[in-house]
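Below is one structure, written out as structure tokens, with a few remarks after it.
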Amino acid sequence: MSDLTCPSRHRQLTLSPLQQRVWLLAGLLLIAIIANLCLGAVDLTLTQVWQGLSAEGEQYFTVHEYRLPRIALAIGVGAMLATAGVLVQGVIRNPLASPDILGVSQGAGLAAVSLMTLWPHASIQLLPWAALAGGFSAAVLLWLVCGSKAPPIRMALTGVALAALYSSTIDFLLLTRPLDINNALLWLTGSLWGRGWQQLYTLLPWLILLPAALWLSHRLNLMGLGDDSATCLGVRAPRVRLLALALAVGLTSAAVSLCGPISFLGLVSPHLARQLVGGRHQRLLPVAMLVGAVLLLIADLVARIIHPPIELPAGIMTALIGAPYFLWLLLKLR
Amino acid sequence: MIFSRFVSSPRPTALSLNTSCFTGLQRRLAAALALMALTLLGSLPAQALTVTDARGSFTIDHVPQRVVALENSFVDALAAVRVSPVGVADDNQPERLLPEVREATGPWQSVGTRSQPSLEMIAALKPDLIIADTSRHAGVYNELRKIAPTLMLQSRRETYADNLKSAAIIGEVVGKKAEMQARLQHHQALMASYARQLPQGKVVQFAVARENTLYLHTPDSYAGGVIQSLGLKVPSVSATDQQESRQISLEQMLAINPDYLVVGTYAGNSIVQQWQTEPLWQALTAVQNNHVYTVDGNAWVRSLGILAAEHMGADLVRIFTQP
């Protein structure tokens, strides 16, 4: 008798399993942020963290100048790389696609390594701009070679071939100039070390691409049905493909120029997000951003606490998480 | 305030010069107070000191008590004037630094790797001077500057002469200019005495052997500079470009054919062990005359500095004077 009187309220109080998972993920993000603020080479209590946020606090440098911008940058870069992964997978319609197949990370890497080995005395401030230019040039080259009307598979194969070309040029540069190899190899691993407020301000304008990707959600859903079905349903497939890939290129170039090519985020985050919320881009994109942010935060945390005061590059940790997951995925697909 | 009494003390009048007015105790007390005043004056903050570093000019207005050094050559310079750094970027392997350096400085807190030192660990040590390497840490200069005044010097791939200049700058910045100058003079005298014990003009080639590669150090390298300063000759590898360190093969070694070959090794296998089985190895002059010697790679390559150069000189004297 009693539940006849308030059935609707009862329905609103319980969350669907999907919503539960998203809230859990958001909780995990919060925990990761707090853990990153407290733990490191120097462990701080929550009160010390709170005091460290003000300029007179004892831990001001560690909390405000070192960890806080690094956390914000990790969230931004993780979200950007994950979104780029979702966009590329949506366009290429292949679950094993990642932004790397566009050759953008390798192009950015080539530009950065060229700057470091051929002009070792150039200012370090030029490095992110060189990497950005390299990433965009690689994308333009892909577009010129492929044409904008190419089918996705052709674009993927051309991208992989160009990426291999850039990687081998990087190897050539490193082999012929072994003395400058240190800085170059460190940059190529991808790391959040030494990145502060300045890098965060450089990243901020690029965050506008994230809502732009969300705006494409409905059209990306339709693209998943195939080019012909999508065209019948009112989507201009080549234009959407170009737009989605342009967004992916912008997001990846910006992320790589600031932190170096961090591996596996663009591949693993869309997969994990799909496991959690399914394939509709209106849900997939935000959740993938959350997953990317959480993964990079956890990777950076582990890199900093595994053997203090040694700080490993975060790119190594994402590879340690990503590679086994990738293998498990391949085994599952068989 | 206390010394103003003595700075502006009244001129001695006929009355005050009458020493019988002052008892022995009062005179001793006056002397003690004068001494205290002088020491206080001496420890007042000195005028701002300006030196030229790799970024241009560097100014510091106090004598640093807590120094963090981010490269081995800086620790060597600090050890030369017996200053103890509170933190060193030692890759978590303090045994890589020379024993004489470690003994002079005492223990320190590691701040991580040289290429990516932990900035929060450096901040936790509350330093008042950081010495960093331009080739590795230029990107984080702004962050380091927020922790403490940062002196940027060249360390990686520095030549012997430049390294002595950097040591002089470090000595001046830590407030031990006179001690550093004296130490440098002692160093010159020691190296000159080593040079007298070595046969002049002999061709000595220093190379670093790893498991699969052999890297020659050319006349432009640090080791090459030290060898040359001792009156020996280092063969030049290429007419066109002299990178300080160059990988070579056995045939190229034969083309250079030095009189003496000094091989720096690290723990583990070295390629020289492989080469010793090759017939070409026996064609080398150094091998035929039994002039191939092994030294510690850590001391000859990774350590740059006054103590390191003296260690290298002692090694060479040992090599040339042994029967």
Side-chain angles (χ1 to χ4, degrees), chain A residues 36-44 48 52 55 57-70 116 120-128 175-187 189 191-199 303-305 307-314, chain B residues 54-55 68 70 87-93 108-127 130 132-148 152 154 156-157 208 210 212-213 215 217-218 220-221 241-248:
Chain A
N36 262 300
L37 277 171
C38 290
L39 302 173
V42 177
D43 288 338
L44 303 173
Q48 280 176 308
E58 198 187 306
Q59 304 288 346
Y60 179 68
F61 179 81
T62 305
V63 175
H64 184 264
E65 299 289 332
Y66 192 64
R67 291 185 186 170
L68 200 57
R70 194 163 165 158
M116 283 190 272
H121 300 293
S123 159
I124 201 94
Q125 311 293 337
L126 286 175
L127 198 59
L175 277 171
T176 50
R177 284 167 171 75
L179 300 177
D180 297 303
I181 213 175
N182 265 318
N183 286 349
L185 279 179
L186 215 52
W187 192 88
T189 324
S191 164
L192 287 164
W193 176 80
R195 270 77 173 175
W197 289 111
Q198 196 195 3
Q199 279 75 20
R304 281 188 305 123
I305 66 175
H307 191 33
I310 304 249
E311 278 197 26
L312 297 174
Chain B
R55 282 179 56 93
V68 168
L70 298 181
V88 170
D90 58 1
D91 300 330
N92 247 21
Q93 288 175 309
W108 58 67
Q109 168 67 42
S110 169
V111 295
T113 55
R114 288 173 291 161
S115 42
Q116 291 195 332
S118 169
L119 297 179
E120 49 189 40
M121 191 58 118
I122 297 175
L125 289 171
K126 299 201 200 319
I130 300 174
D133 181 4
T134 35
S135 62
R136 291 188 205 260
H137 309 125
V140 288
Y141 173 74
N142 290 326
E143 309 292 317
L144 289 173
R145 189 65 195 81
K146 288 178 196 159
I147 308 176
M152 293 286 258
Q154 181 74 29
R156 233 170 79 187
R157 302 202 253 136
V208 181
R210 289 191 175 273
N212 292 321
T213 54
Y215 277 90
H217 280 220
T218 60
D220 282 341
S221 66
D241 89 274
Q242 293 280 14
Q243 292 175 26
E244 337 48 79
S245 175
R246 206 185 195 94
Q247 185 182 353
I248 57 154

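Chain letters run A, B, ... following the sequence lines, proteins first, then strands; residues in each count from 1. Only this structure's heavy atoms are used, side chains among them; waters, hydrogens and symmetry mates stay out. Quick caveat, the model's predicted, so the values are computed rather than measured.
Distance OG1/A/Thr176 to CD/B/Gln247: 12.0 Å, rounded to 0.5 Å. Note: A/Trp197 CH2 to B/Asn142 CG = 15.0 Å, rounded to the nearest 0.5 Å. Distance check, rounded to the nearest 0.5 Å: OG1 of A/Thr62 to CD1 of B/Ile147 gives 7.5 Å. Put simply, CD1 on A/Ile310 and CG on B/Asp91 are 6.5 Å apart, with the number rounded to the nearest 0.5 Å. Between atom CG of residue B/Asn92 and atom NE2 of residue A/His307 there is a gap of 4.5 Å, rounded to the nearest 0.5 Å.
If you tally non-hydrogen atom pairs under 4.5 Å between each of B/Ile122, B/Thr113, B/Val111 and chain A, the highest count goes to B/Val111. Annotation: maximal heavy-atom pairing with chain A below 4.5 Å, among B/Ala138, B/Ser110, B/Ala124, occurs at B/Ser110.
Take A/Phe61 and apply the ring-ring contact (aromatic ring centres under 6.0 Å, His included) test, not counting sequence neighbours, and it matches no residue. A/Arg195 pairs by the salt bridge (charged side-chain N to carboxylate O under 4.0 Å, His left out) definition with nothing, not counting sequence neighbours.
Proximity to chain B is limited to the side chain of A/Leu186, based on heavy atoms less than 4.5 angstrom apart. Neither the backbone nor the side chain of B/Thr134 comes within less than 4.5 Å of any heavy atom of chain A. Interface remark: A/Ser191 contributes side-chain atoms only to the contact with chain B (heavy atom separation under 4.5 Å). Interface residue B/Tyr215: only side-chain heavy atoms are found under 4.5 Å from chain A.
Side-chain atoms of B/Ser118 and A/Trp193, non-hydrogen and from C-beta on, never get closer than 4.5 Å to each other. Side-chain atoms of B/Met121 and A/Val42, non-hydrogen and from C-beta on, do get closer than 4.5 Å to each other.
A donor-acceptor contact shorter than 3.5 Å is absent between the side chain of A/Asn182 and the backbone of B/Arg136.
The only member of A/Gln59, A/Arg67, A/Arg70, A/Glu65 that meets side chain to side chain contact (heavy atoms under 4.5 Å, CB included) when paired with B/Glu120 is A/Arg67.
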